[in-house]
Amino acid sequence: MIRPARNSDGDAIAALIAGAFAEYEGCVFDRAAEFPELDAIASHFAARGGVIWVAADGEAIIGSLAAAPMRAEGPPAGTVEITKVYVARASRRRGIARALMAEALAFARDRGAPELRLWTDTRFLDAHRFYESLGFVRLPGARALGDISDTSEYPYRLPLAGT
């Protein structure tokens, strides 16, 4: 079941992120230092004009994805940014990420967004393949976050037809 996240889902989303990071050497999850929004995750995205959804299997949260209007300069006005895309390892390849992305696409189209944008860790090769299977195109370059994991991210873009 896909539903909007509640602030009380922050701990479960933290566990999803920590699990994903643990799959990659040198990828460190430090909630207090780098993910303070998890303490009130639904409110955080609502304040940005966005929403975060979770996929639930009974009471267990097995996936997440957030969408919000982009705050950065450069992309066309109204562009929607996708973040917090995580699916529990044991639940992957079951269509959960696609179902979450469908929510984000509907959100973006309802707002007349010209495109979706996202950044993804250069190490997350499965994620790159997933985004590309949906039609996202990797843009040139990468950015270094300067975080404790020494993360670099690739930018991706998906133009939305009819907007």
Side-chain angles (χ1 to χ4, degrees), residues 2-5 9-39 41-42 44-45 48 50-57 60-72 74-75 79-108 113 115-160:
I2 306 293
R3 64 166 173 80
D9 293 323
D11 290 342
I13 295 169
L16 280 174
I17 298 169
F21 281 21
E23 296 176 38
Y24 298 90
E25 186 175 336
C27 211
V28 178
F29 178 72
D30 185 334
R31 179 177 177 164
E34 296 182 346
F35 295 90
E37 70 276 9
L38 292 170
D39 292 339
I41 192 71
H44 169 81
F45 282 101
R48 290 185 53 199
V51 64
I52 181 166
W53 296 271
V54 293
D57 184 3
I61 302 298
I62 57 172
S64 69
L65 184 146
M70 229 173 151
R71 297 184 285 192
T79 294
V80 169
E81 182 176 26
I82 304 300
T83 60
K84 300 287 188 281
V85 183
Y86 297 98
V87 174
R89 188 175 198 161
S91 299
R92 292 182 192 152
R93 306 219 187 309
R94 293 180 17 205
I96 294 165
R98 286 185 187 278
L100 288 162
M101 190 63 76
E103 296 290 338
L105 284 165
F107 173 89
E115 63 186 42
L116 294 178
R117 293 276 181 117
L118 61 86
W119 291 89
T120 182
D121 192 304
T122 58
R123 296 170 278 202
F124 294 180
L125 301 180
D126 286 342
H128 305 165
R129 284 188 287 274
F130 169 69
Y131 298 131
E132 290 164 8
S133 78
L134 296 173
F136 280 85
V137 175
R138 191 168 103 190
L139 300 173
R143 70 178 180 185
L145 296 186
D147 62 0
I148 59 177
S149 297
D150 195 27
T151 303
S152 290
E153 295 180 321
Y154 294 133
Y156 276 82
R157 153 182 201 273
L158 176 68
L160 299 178

>> Using side-chain contact (heavy atoms from CB on, under 4.5 Å), reason through I62 and I96 one step at a time and then give a plain yes or no.
In response: CA-CA 9 Å; I62 57 172; I96 294 165; 3.4 Å; yes
>> Let's go through K84 and F45 carefully: what are the C-alpha distance in whole Å and the side-chain angles of both, what is the deciding distance for side-chain contact (heavy atoms from CB on, under 4.5 Å) to 0.1 Å, and is it a yes or a no?
In response: CA-CA 11 Å; K84 300 287 188 281; F45 282 101; 4.1 Å; yes
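Taken from SG in C27 to CG in D147, the straight-line distance is 8.0 Å, to the nearest 0.5 Å. Taking OH of Y131 as the start and CG of D126 as the end, the distance is 11.0 Å to the nearest 0.5 Å. Summarising the geometry, atom CZ belonging to R48 is positioned 4.0 Å from atom CZ belonging to R71; distances are rounded to the nearest 0.5 Å. Atom CD of E103 sits about 6.0 Å away from atom CH2 of W53, to the nearest 0.5 Å. A distance of 9.0 Å separates CG of L158 from CD1 of I82, quoted to the nearest 0.5 Å. In this structure, L139 CG and W119 CH2 are separated by 8.0 Å, a value rounded to the nearest 0.5 Å.
The shortest distance between side-chain heavy atoms of E132 and V137 does not fall below 4.5 Å. No side-chain heavy atom of R143 sits less than 4.5 Å from a side-chain heavy atom of P155. Contact check for V87 versus R92: side-chain heavy atoms found under the 4.5 Å cut-off. Looking at L105 and L116, their side chains come closer than 4.5 Å, going by heavy atoms from C-beta outward. Within the 4.5 Å cutoff, the side chain of I52 has no heavy atoms near those of the P4 side chain. Between M101 and F130 there is a side-chain heavy-atom pair separated by less than 4.5 Å. Side-chain contact check for T151 versus E153: some heavy-atom pair is nearer than 4.5 Å.
When the shell of 6.0 Å around CZ of R3 is examined, it contains more than 12 heavy atoms from other residues, nucleotides or ligands.
A salt bridge links D11 to R31: one of the charged nitrogens lies within less than 4.0 Å of a carboxylate oxygen. The pair R157-E115 meets the salt-bridge criterion, since a charged nitrogen lies less than 4.0 angstrom from a carboxylate oxygen.
Closest non-hydrogen pair, A5 versus A42, comes out as O-CB, 3.4 Å. Scanning all heavy atoms of the two residues, the minimum distance from A14 to L38 falls at CB-CD1, 3.8 Å. What you find for P75 and R117 is that their closest heavy atoms are CG-NH1, 3.8 Å. The shortest non-hydrogen separation linking E81 to M70 is CB-CG, 3.7 Å. Residues L134 and R98 share a closest heavy-atom pair of CD2-NH1, 2.8 Å. For the pair A67 and A104, the tightest heavy-atom approach, listed with the atom from each and the gap, is CB-CB, 4.2 Å.
F136 and Y156 have perpendicular rings, their planes meeting at more than 60° on a 0 to 90° scale where under 30° would count as parallel.
Under the 3.5 Å distance criterion, the side-chain polar atoms of S149 are matched with a main-chain donor or acceptor of V28. Although no hydrogens or angles enter the test, the distance criterion places no donor-acceptor pair under 3.5 Å between the side chain of D30 and the main chain of E34. Not a single donor-acceptor pair under 3.5 Å links the side chain of D9 to the backbone N or O of A12.
With V54 as the partner, the side-chain contact (heavy atoms from CB on, under 4.5 Å) test is satisfied by one option alone out of L16, I41, L100, I13: I13.
Between F35 and F29, the gap from one ring centroid to the other is short of 6.0 Å.
For the pair R138 and Y154, the distance from NZ or CZ to the six-membered ring centre is under 6.0 Å and the angle to the ring normal is within 45 degrees.
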